[in-house]
Amino acid sequence: MNEREVIRVASVRDFKKVSDTVWEIPSSYKDGMRVPARIYATERLIREMDDGVIDQVTNVATLPGIVGHAFCMPDGHWGYGFPIGGVAAMDARSGVISPGGIGFDVNCGMRLVLTNLSFGEVRERLRDLVDRLFERVPAGVGSTGLLKISQDEFRRVVEEGARWCVRNGYGWDEDLERTEEFGCISGADASKISNKAVERGYKQIGTLGSGNHYLEIQVVKPENIFDPQLARAFGITLPEQVAVMFHCGSRGFGHQVATDYLQLFLKVMEKKYGIRILDRELACAPFNSPEGRDYFAAMKCAVNMSFANRQVILHRVREVFSDVFGRDPAEMGLHQVYDVAHNTAKLEEHILDGQPRQLLVHRKGATRAFGPGAHALPPVYRNTGQPVIVGGSMETGSYLLAGVETGSQTFFSTAHGSGRTMSRKQAKRMFQGKQLQRDMEGRGIYVRTVSFSGLAEEAGPAYKDIDEVVGATELAGISRRVARLIPVGNVKG
DNA sequence: ATGTGC
């Protein structure tokens, strides 16, 4: 069970060591690189990284308008076009937008909620909680939610995001303040999405999906608090405090939006805009073009769908806690700490060489991590820096981090999770879902799933060491550890 | 990730 299978061992010889956790590949490495690439990792992590990451991050460095460096975070692994863990900022006037730099699951992200219950109060109701969550938060490929709305109403949801949910009784006003973009990114335009995307998405609000998407009951143990002051500011005030964390995205809707525009970009990229790329998976269009702007407006619909999805899931979590404990949800805390995306491209102002610049920052499997003082943060987090939620594998635990001022080096981006070391196929060969469920129960994690083969794919050893990943981000100065959360219950797709 | 694969 402890055996770790590594996809391939990367060669470290071409890298320039910038620091213990930053490795640079110069722009001379490959024809067409406009900027150097930088990989954030400890030596151990970079040796485990597969060669595909090196190839992909240096491909990204060739894209028109890229500034600074093409980055890969410590949890990086091979992805579609861009590595997962990739960060690339493009000049808003001269650069491109690329669906491969955002991910098919637009606004895949994390939400963290804290109860005011200690594990001692929850332990004997844990199975009941997980069983009911399993019923109320549908998981798996093609799953549909309990929310019944028309396709026309869905078009309003994708323009209004989590605000639509709160307005319709699915959440509290305070949830919006504690969501990136206040739960609704401006500029979403439902006239830019296809009917097919709407048809796939309108029944999927309030659902988890599959793969590494999950909903967990977690515990914060006192020995796992690294920054007591920030932990308190984020709402961790009790020993063995119980939390709920979930990870999901825009489901079939975001996938369809990405597919639609990928096809359009492949048609116009070379013929209309003369852009040549090394890998067709890097399909892109000038950000400042009709196609680029349309994709940006459509992609924002998927961003909002995902915020709405997680908002309704939070509502279900509150309903279930209320049912199980027979109390009003507000009596049990159930305050949202934060909701943050890790698959987006966002227009942001950053200082580059001392000058303010408008940049389109692609973060694909990378989390925005704004430091203290950032204007985009709500007053409650203006002085602490942004809460950053990093989901680990279902066996090993997750982290709450905070953004820091020195995060400017990566345009305020950090890791998003553990990152796979084993392909799904390898993991299925090595683990058996039912046995894994029993093993996990033996270690105090009650897990429910719709797919045992899917469960096997998510086994802890199929992922990098989360402690090593977040440790690298802290050493590099792109985020700071606040607390580690241990899973005790898990709903998996 | 995804009504799972060009």
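Quantities reported herein were computed from a predicted structural model and do not represent experimental measurements. Within every chain, numbering begins at 1; the chains are lettered A, B, ... in the order of the sequence lines, protein sequences first and strands thereafter.
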*Asks:* Do A:His247 and A:His416 have ring centres separated by under 6.0 Å?
*Replies:* no

*Asks:* For A:Gly209, answer base if it contacts any base atom (sugar-phosphate contacts may also be present), sugar-phosphate if it contacts only those atoms, and nothing otherwise; contact means non-hydrogen atoms under 4.0 Å.
*Replies:* sugar-phosphate

*Asks:* Any base atoms under 4.0 Å from A:Gly249, or only sugar-phosphate, or nothing? Heavy atoms, all strands.
*Replies:* nothing

*Asks:* Looking for any heavy atom pair under 4.0 Å, which part of the strands does A:Ser210 touch: base, sugar-phosphate only, or nothing?
*Replies:*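 Answer is base: heavy atoms of A:Ser210 come under 4.0 Å of a base.
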
*Asks:* Describe the nucleic acid contact of A:Arg280 in one word from base, sugar-phosphate, nothing, applying a heavy-atom distance below 4.0 Å.
*Replies:* nothing

*Asks:* Between the side chains of A:Glu441 and A:Arg127, is the shortest nitrogen-to-carboxylate-oxygen separation below 4.0 Å, so that they form an ion pair?
*Replies:*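 Salt bridge: yes.
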
*Asks:* Mind checking salt bridge (Lys or Arg N to Asp or Glu O under 4.0 Å) for A:Asp279 and listing every partner two or more places apart, or none if nothing turns up?
*Replies:* none

*Asks:* Mind checking if A:Gln204 touches a base, just sugar-phosphate, or nothing, with heavy atoms under 4.0 Å?
*Replies:*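 Answer is sugar-phosphate: A:Gln204 comes under 4.0 Å of backbone atoms only.
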
*Asks:* What integer distance in Å separates A:Leu208:CG from B:dT2:C1'?
*Replies:* 15 Å

*Asks:* Nearest-Å distance, CZ (A:Phe253) to P (B:dT2)?
*Replies:*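 Those two atoms, CZ and P, are 14 Å apart.
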
*Asks:* Under the side-chain contact (heavy atoms from CB on, under 4.5 Å) test, which residues partner A:Leu262, sequence neighbours left out?
*Replies:* A:Tyr80, A:Pro99, A:Phe104, A:Ala283

*Asks:* For A:Lys203 and B:dT2, give me the distance from atom NZ to atom C1', rounded to whole Å.
*Replies:*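 Going from A:Lys203 (NZ) to B:dT2 (C1'), I get 18 Å.
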
*Asks:* How many Å lie between NZ on A:Lys425 and P on B:dG5, as a whole number?
*Replies:*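 One finds 14 Å between P of B:dG5 and NZ of A:Lys425, rounded.
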
*Asks:* Tell me the interatomic distance from A:Gln263, atom CD, to B:dT2, atom C1', rounded to whole angstroms.
*Replies:* 14 Å

*Asks:* Whole-Å distance between B:dT4 P and A:His213 NE2?
*Replies:*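 About 16 Å, once rounded to whole Å.
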
*Asks:* Could you check A:Val141 against A:His255 and say which one's nearest nucleotide on DNA chain B is further toward the 5' end?
*Replies:* A:His255

*Asks:* Could you tell me the separation between the NZ atom of A:Lys196 and the P atom of B:dT2, rounded to a whole number of Å?
*Replies:* 16 Å

*Asks:* Could you state the atom-to-atom distance from CG of A:Asn343 to P of B:dT2 in whole Å?
*Replies:*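 Nearest whole value for this atom pair: 11 Å.
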
